[in-house]
Amino acid sequence: MKILKLAIYKTYAIINSNKHLKRFKPVVEAADEFFFGTDKVTLFTPHIEDGIDIKRYMSFVIIGLLPATIASIYFFGPRVIAMIAVSYIFGGLTEVVFSAVRRKPVHEGFLVTGLIFPLVLPPLVPLWMVALGVVFGVMFGKEVFGGTGRNIFNPALVGRVFVSLAFPSVFSASWKMPLSDTITSATPLVGFKSAHAIPDLYSLLLGSQPGSIGEVFRIGIIAGGIFLILVKIIDWRIPLSYLGMVFIFASLGNKMNPEVFAPAAFQLLAGGLLFGAFFMATDPVTSPFTKTGRWVYGILLGVITVSIRSLSGFVEGVMFSILLMNAFAPLIDTIVVNLRFKEIRK
Amino acid sequence: MAFRRFQGGYKFGTFCCQPKSRLVQAGIPRKVIIPLKQGFGGEVKPLVKTGDKVFAGQIIARDDNSVSSPIHATVNGRVTSIEKRNYFMQEITVALIEGDGTADFRMLEGYSADWGSLSPEKTEELLYLSGVTSLDSEGIPTRFKSSAIFPNEVEDVIIHAADSEPYNMSLKALLLGKNKDHLLAGIRILKKIMPDAKFHLVLNQSGRNIVDWARQAAVEYDWIKVYPVEPRYPQDMPEVLTPSILGREFPYGYSAATLGIVTLTIQTLLSVYEAVAEGRPLIERVIALSGPSWKENLHIKARVGSPLEFIVGDRLKSEGAAKDRLVLNSIMTGHNLNDSSLPIDRTCYQIVGIPENRARELFVFMRPGLNTDSYSRTFLSNWLLWMKKRVDTNMHGEERPCISCGWCEGVCPVGIIPHLLYRQIAALPVNESFMRYGIFNCIDCNLCSYVCPSKISVARSIKDGKQKLVSIGCDKSQCILPKFDLKGAEEYRGVKSIR
């Protein structure tokens, strides 16, 4: 601890002595605060502050992701660790560059983006593509909008859409069976679309079906999501309305046309739905902030997801529906707020 | 009886060092400073000059033509000077009195232990002359213009002790001995001067003994109702009491009196009894010393106008006040007591002392947090409810951009969206859309600033926004007056509490 303190102190000294290096002061400050916390005190009322800060807030999302992450390392091998490391390093560098240019502190939101991004990729994606995707996602998904709190789209999803659309052939060859070296192109959703094959639902829950890195161990995702709801980090309204709507829409569709609409229970468990509903749709920045808005958002997400899965050429619709609804979130909020606060007549 | 609650709000964890139910006397100070504006009402004209001999209980300032109540000398002695002082950001006249150290004081004239036999007019006069009528956020209405309305216009009187703040004075300490009976007598005295009013007693539901006693006592009187409530901040504010207890909409920014509602605290009721039945002018207050900075957390009975240093004495743990922050009355909304020569006035009921904590902690954001209070449930202490919570002035984090987590909206007791206003005030030039989003509904409870994980001073920025709006000619009247038919003479409608 003393060594750490000394190191930070030394870095401060070096940075302060050099004109060009001074730009990186916010970065060192961020590191300093990360390790040692703050010495600031309240200046006015309220004289006391809640114990939580954004670092803890974001750390808890990471804790919620841990079961799925650890299971994925077990399923897909140490490669996953390398992907996460690459994602953190390159995404982190992008953040540092932007904070140096803007001379603003480095924000903690990246801690979550950097972990979520590799978790939504197929397991065999090359590492350079991880780096490219996360840099693109952080830069064009977040920083160009003005940084944390101002982005419209979920940065991890922006990166994921970019790489999947830019390199579709690499992407489709990157799926693999968990716990084996068999390369496959058929995720359960592809299986339904092409052959109406529905795998055992328990195998979906426990993670022995192919899929993106973080989405296969679904028990872990559900546990992590419920944990986050219990500690109030994510709002229960979004996952509930999203999953509920998928269930309702899929059951109705399946009753009318079982050829096109997969059964509801399968739809709930297949693909990235659970991961998206608990960890991506609930991102507070890109989802509506009003409670009513959150219900609407979740319901529309459900409708769009099932529609894309069943009625379009794509097999999976979670990513697109979340990005699409991200774009509509401000509109939903505006409508809700305008309904709630009537104009003042004079 | 009904169990009432309101939207939003936040129930704080139990912080350490709550005041115990022990009551001690502070003694008689040698020097007192009497502000000539105390409690509800405006500043009053001094009736004494420098050099005059005064006695404790003598009225030294009074103005029957404005909304005000008389001010008393609180010690026997001589007026040494009458001057302007900066008293909590207001420039007001104060009278400095040098005391001779004697404890006796002059009783009010015409009081009677058999208060039932006094005429309502005489009761009103006693209350006014004792100064009790200036207490609490609306004062007690009398025909002497001590509140914004008159006694016959009062429909409801809410007596509240919901203990909703992080630190509250202990009801047990206030209701020691015969004081329970005095409280009931105080209520009946007020009923005499406000015969049309209904009385509502709002109590912390966890104070079982007191709730049971109050219910039993209220059986006899069909105009007293008892409401045990959850101690959820800011239940004790009139803006929250009115809708949650009476189910009436509140004209935010105005006094509850404009609806015909008077909100009073328990200590006021006791002072009412003491004035009318015992003839004591309002020259003493019970003050709770809460928070970890005090050697002992107790209640202290002190003369109004005692300088802070006299009350603090050697009661703080640390020598030198730089290590502690003393806060007047409420830790959520109260003033910082920097200047220990300033006096405490009639409105003071609590001094909270918390340590100024500038200490840094290694990996503080990863700690399990056995003693941390938080709106989120990310600390162990949120699950181990019996653990006492630690309290200090540390920010516990750095300021970051708003992520719209919605916690401020979740706790807002008046149903506005604080972060929406914060963003608009930060980004846009002042404009009328702020009013549309309810900026004037804000009651400055500061909960949004407390819960914010990004450590943004949301409440402060809303306050600034209000000031800016007023400077461009928009004010609360445009939002409120079209919707309400407010009571009280035109000239008093706008009167809010002095702070």
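Below, chain A is the first sequence line, B the second, and so on; all start at residue 1.
Using a distance-only test at 3.5 Å, with no hydrogens or angles considered, a donor-acceptor pair links the side chain of B/Arg377 to the main chain of A/Leu230. A donor-acceptor distance shorter than 3.5 angstrom exists from the side chain of B/Lys455 to the backbone of A/Ile52, with no hydrogens or angles considered.
Nearest heavy-atom pair across B/Asn394 and A/Glu49 is O-CB, 4.0 Å. Considering every non-hydrogen atom in both A/Pro46 and B/Ser449, the closest pair reads CD-CB, 3.5 Å. B/Gly397 and A/Thr38 get closest at one heavy-atom pair: N-CG2, 3.3 Å.
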| query | Does the side-chain contact (heavy atoms from CB on, under 4.5 Å) test come out yes or no for A/Asp50 and B/Trp407, once each step is laid out? | reply | CA-CA 12 Å; A/Asp50 195 297; B/Trp407 290 357; 5.8 Å; no

| Checking salt bridge (charged side-chain N to carboxylate O under 4.0 Å, His left out) for the pair A/Glu33/B/Arg360: CA distance, chi angles, key distance, verdict? | CA-CA 9 Å; A/Glu33 285 166 348; B/Arg360 310 182 69 180; over 6 Å; no

| request: Would you sort out whether B/Ile417 and A/Arg340 count as a side-chain contact (heavy atoms from CB on, under 4.5 Å), showing the intermediate values? | output: CA-CA 11 Å; B/Ile417 306 178; A/Arg340 186 159 137 198; 3.8 Å; yes

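In this structure, chain B has a heavy atom under 4.5 Å from the side chain of A/Tyr57, while its backbone stays farther away. In this structure, chain A has a heavy atom under 4.5 Å from the side chain of B/Ile354, while its backbone stays farther away. With a 4.5 angstrom heavy-atom cutoff, A/Pro288 does not touch chain B via any of its atoms. At a 4.5 Å heavy-atom cutoff, the contact between A/Ser59 and chain B is made by side-chain atoms alone. Neither the backbone nor the side chain of B/Leu447 comes within contact range of chain A, judged by heavy atoms closer than 4.5 Å. Heavy-atom distances place both the backbone and the side chain of B/Thr393 under 4.5 Å from chain A. With a 4.5 Å cut-off on non-hydrogen atoms, B/Arg423 touches chain A through its side chain but not through its backbone. Heavy atoms of A/Phe35 lying under 4.5 Å from chain B belong to its backbone as well as its side chain. Both the backbone and the side chain of B/Cys405 come within less than 4.5 Å of a heavy atom of chain A. For chain A, the nearby part of B/Asp392 is the backbone; its heavy atoms alone come within less than 4.5 Å. With a 4.5 Å cut-off on non-hydrogen atoms, A/Arg150 does not touch chain B at all. Proximity to chain A is absent for every atom of B/Ser433, based on heavy atoms less than 4.5 angstrom apart. Contacts of B/Thr333 with chain A are made by backbone atoms alone, with heavy-atom separations under 4.5 Å and no side-chain atom involved. For B/Asp373, the part lying near chain A is the backbone, with the side chain staying farther off; criterion is any non-hydrogen pair under 4.5 Å. Using a 4.5 Å cut-off between heavy atoms, A/Asp235 makes no contact with chain B at all. Proximity to chain B involves both the backbone and the side chain of A/Thr290, based on heavy atoms less than 4.5 angstrom apart.
The most heavy-atom pairs under 4.5 Å with chain A, out of B/Lys389, B/His419, B/Met366, come from B/His419. Among B/Ser457, B/Pro401, B/Ser381, B/Gly369, the residue making the largest number of heavy-atom pairs under 4.5 Å with chain A is B/Pro401.
Using a 4.0 Å cut-off between charged side-chain N and carboxylate O, B/Glu409 and A/Arg294 make no salt bridge.
The CD1 atom of A/Ile54 lies 8.5 Å from the CZ atom of B/Arg400; values are rounded to the nearest 0.5 Å. If you take CG on A/Asp39 and CE on B/Met395, they are separated by 11.0 Å, rounding to the nearest 0.5 Å.
Ring orientation note: the planes of B/Phe365 and A/Phe34 are tilted relative to one another, at an angle of 30° to 60°.
A cation-pi arrangement is present between A/Arg56 and B/Phe379, with the terminal nitrogen or guanidinium carbon under 6.0 Å from the aromatic centre and inside a 45° cone about the axis.
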